[in-house]
Amino acid sequence: MIVPPFPASDPDTAPVLRLFPTHALRPYTSFCEGWTFYFPVNGTQIEPQDWKDGKATEVPVPGVWEMLDALKSYRGQAIARKIFTSAEAGPALLKFGGVSHTCRIFLNGEEVGDHHNAFTPFTVALPDLPAGEHELLVHVSNEHGELSALHIPNDYYNYGGISRPVELHQLKGRIYLEHLHFIPSLDGLNEPPVVDVHIQSLLSEKTYINLSLFIGDDPIHRLETYGVTPGSNRLRFRLPPLDLEPWSPQCPTLYFLRAVLEHEKIPIDDLIERIGLRTIAVKGDELHLNGAPFYPVGFNRHEDHPDWGCALPVSQMRKDLDLFAELNANAVRTSHYPNDQRFLDLCDERGFLVWEENHARGQLEPQMRHPRFREQCAACNEEMVRHHFNHPSIFVWGILNETASDTAYGRMCHQEQFAQIRSLDPTRPVTFASCRHYGCVCQDLPDIASWNIYSRWYGNADPTEDLEGLIARMGPLGLEGKPLIISEFGAGGIPGYQDPVRRAKWSEERQGDILLELITAYAAIPAAKGLFVWQFCDVRVDESWALQRPRTMNNKGVVDENRRPKVAFSVVAECFARIRRAKNLA
Ligand code: ADA
């Protein structure tokens with residue numbers, strides 16, 4: 001298939017949401033230029049209609065206001081404003097990759113949408129956008145407090161801004177394609193896959209359409225005279241066996257899946273997704289990819305950088321994955337939230353395995369009883385799976401990192417979220433990273449058991465005894481018989497603090513010593529089927545964590561915040577190379 005050109009913009013200078021064109025027929029464009037932010041002159045609050053009273057400031061989109069020296073630690077509200085012209089009247093969509101962290105959207109003074117959570121995409125439909133000039137306002141808040149149960153003062157930083165790309169889509173008709181989900185058979189690569197097509201109708205009556213599906217330029221399915229009802233429609237197609245090369249870390253083959261929708265025999269919309277044919281399965285206590293065991297080794301990675309906050313450009317994402325490759329890693333955990341989809345696109349292209357997880361870190365029961373906790377988690381799960389479904393690199397969905405998995409209420413929250421995710425995606429296993437080493441009551445719930453263990457760092461436990469003791473305790477409670485991933489382990493190393501003789505804690509040398517011991521010990525325990533170091537790079541944390549985080553940073557990266565390798569970098573790279581040789585991992 002001749003991949004259509006990118007929309008009328010350059011993906012690097014005017015970013016769009018994906019690393020490939022998502023439409024050839026539907027006009028869409030990057031909507032990242034021409035924004036001006038207005039900050040309150042006094043205090044931290046400003047109402048949308050009062051933007052004129054605010055202090056006008058240029059903040060990049062995508063970007064965060066912490067990129068500006070004067071706003072490095074601003075926690076409050078701002079109004080982002082953009083004037084644009086629509087050449088013709090008709091339905092349109094505003095697609096946001098992420099706004100950090102809560103926003104309300106206004107068009108010409110009318111509220112047309114809102115969204116909570118920095119880390120998931122959302123769409124605002126404009127059913128009748130008139131031709132002419134329009135004012136778009138985005139009221140943005142990165143405040144802590146009753147607004148958010150998920151964006152709380154934490155061991156990472158909650159930035160503020162329109163942190164991921166924005167697109168404007170102009171629809172040719174009032175029926176359009178919303179999602180395409182490619183569902184590889186669970187029974188193996190040679191079984192016919194399934195495609196779910198999600199169609200949205202803005203009409204008020206049933207309307208008949210035709211639909212064609214293509215893989216590349218090859219037609220694979222045609223449906224005629226299908227009655228689309230007002231609102232959301234999901235159509236499921238069982239495809240004929242497809243002669244496609246499988247996707248694998250060694251050979252990450254990708255294909256374009258395209259749907260074309262016709263109304264009265266005229267093509268009015270299309271949607272392009274990029275897919276990889278691969279199967280993921282849990283077989284006993286093993287993880288299987290395309291029918292063979294695999295063993296993820298890699299890092300937890302926050303979306304964080306001193307130059308861009310959480311709004312990293314694709315160029316930095318590429319550099320991070322180059323470092324992952326130098327570290328001989330084959331996997332990444334998106335700790336602790338859904339990632340920018342362009343990063344997931346890169347993982348698809350380069351064959352990195354991804355543990356993607358919803359947005360939660362360390363909420364205890366009182367925080368999980370926040371009136372909005374369950375709804376905000378449910379919305380995050382829905383948006384994460386709906387939008388990221390087709391990434392072959394994602395091998396597991398994770399939830400609720402280190403929350404209260406040791407109480408009845410916490411168990412209920414895990415149960416309801418696993419049920420939700422399994423209903424959205426029956427093709428992938430689910431897990432959660434626990435740290436409740438003596439009281440976890442949720443080990444029977446996930447397909448994969450995952451544990452955060454900090455032997456030799458928090459305390460001085462021997463890693464082998466630590467892990468074997470955990471397996472002995474938790475085995476009868478549900479861990480036994482399923483794959484076990486060590487989802488976090490590590491040590492702090494303050495960049496530049498070298499102490500080659502005493503090798504004191506916080507020195508780079510001690511960090512390397514501890515990681516060498518931990519990786520060697522955990523990799524030698526047969527029950528462990530995957531290892532994720534905490535963490536890839538040093539990251540900014542909330543000021544409230546300062547007394548336990550030197551530099552007000554989490555210093556457990558094997559590179560510092562500017563990606564400068566520490567002593568531990570070469571230690572871990574050698575350990576991972578040794579594991580991959582020993583386990584015959586490509
Ligand atoms: C926990 C948590 C991480 C980080 C880590 C640490 O395991 O999941 O987000 O806070 O501890 O550095 O102590």
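First listed ligand is number 1; within each ligand, the first listed atom is number 1.
With Tyr156 as the aromatic partner, Arg361 does not meet the cation-pi criteria of under 6.0 angstrom to the ring centre and within 45 degrees of the ring axis. Arg540 forms a cation-pi arrangement with Tyr157, by the criterion of a distance under 6.0 Å to the ring centre and an angle within 45° of the ring axis. A cation-pi arrangement is absent between Arg333 and Phe536, since the terminal nitrogen or guanidinium carbon is not both under 6.0 Å from the aromatic centre and inside a 45° cone about the axis. Seen from the ring of Phe343, Arg301 counts as a face-on cation partner, given the 6.0 Å and 45° thresholds.
Taking every non-hydrogen atom of Asn452 and a distance limit under 4.0 Å, the qualifying atoms of ligand 1 come out as 7 (O), 8 (O). Proximity to Arg549 (heavy-atom distance under 4.0 Å) selects the following atoms of ligand 1: 6 (C), 12 (O), 13 (O). Proximity to Tyr458 (heavy-atom distance under 4.0 Å) selects the following atoms of ligand 1: 6 (C), 12 (O), 13 (O). Listed by number with element, the atoms of ligand 1 under 4.0 angstrom from any heavy atom of Asp155 are 4 (C), 6 (C), 10 (O), 12 (O).
Using a 4.0 Å cut-off between heavy atoms, Asn401 contacts ligand 1 through its side chain alone, with no backbone atom that close. Contacts between Gln535 and ligand 1, counted as non-hydrogen atom pairs separated by less than 4.0 Å, are absent for every part of the residue.
Among all protein heavy atoms, the one lying closest to atom 5 (C) of ligand 1 is Tyr454 OH, 3.4 Å. Closest to atom 9 (O) of ligand 1 among all protein heavy atoms lies His336 NE2, 2.6 Å. The protein heavy-atom contact nearest to atom 3 (C) of ligand 1 is Glu488 OE1, 3.4 Å.
In terms of the side chain to side chain donor-acceptor pair (under 3.5 Å) criterion, Ser423 has no residue partners (sequence neighbours excluded). Residues meeting the side chain to side chain donor-acceptor pair (under 3.5 Å) test with Glu468, sequence neighbours left out: none.
Of the polar atoms of Trp545, none of the N or O atoms is found under 3.5 Å from an N or O of ligand 1, judged by distance alone.
Relative orientation of the Trp534 and His336 rings is parallel, given thresholds of 30° and 60° on the angle between their planes.
At a 4.0 Å cut-off, not a single heavy atom of Tyr156 sits close enough to ligand 1 to count as contact. Heavy atoms of Trp457 come nearer than 4.0 angstrom to ligand 1 in no pair at all.
Here the side chain of Asp538 pairs no donor or acceptor atom with the backbone of Met553 at under 3.5 angstrom.
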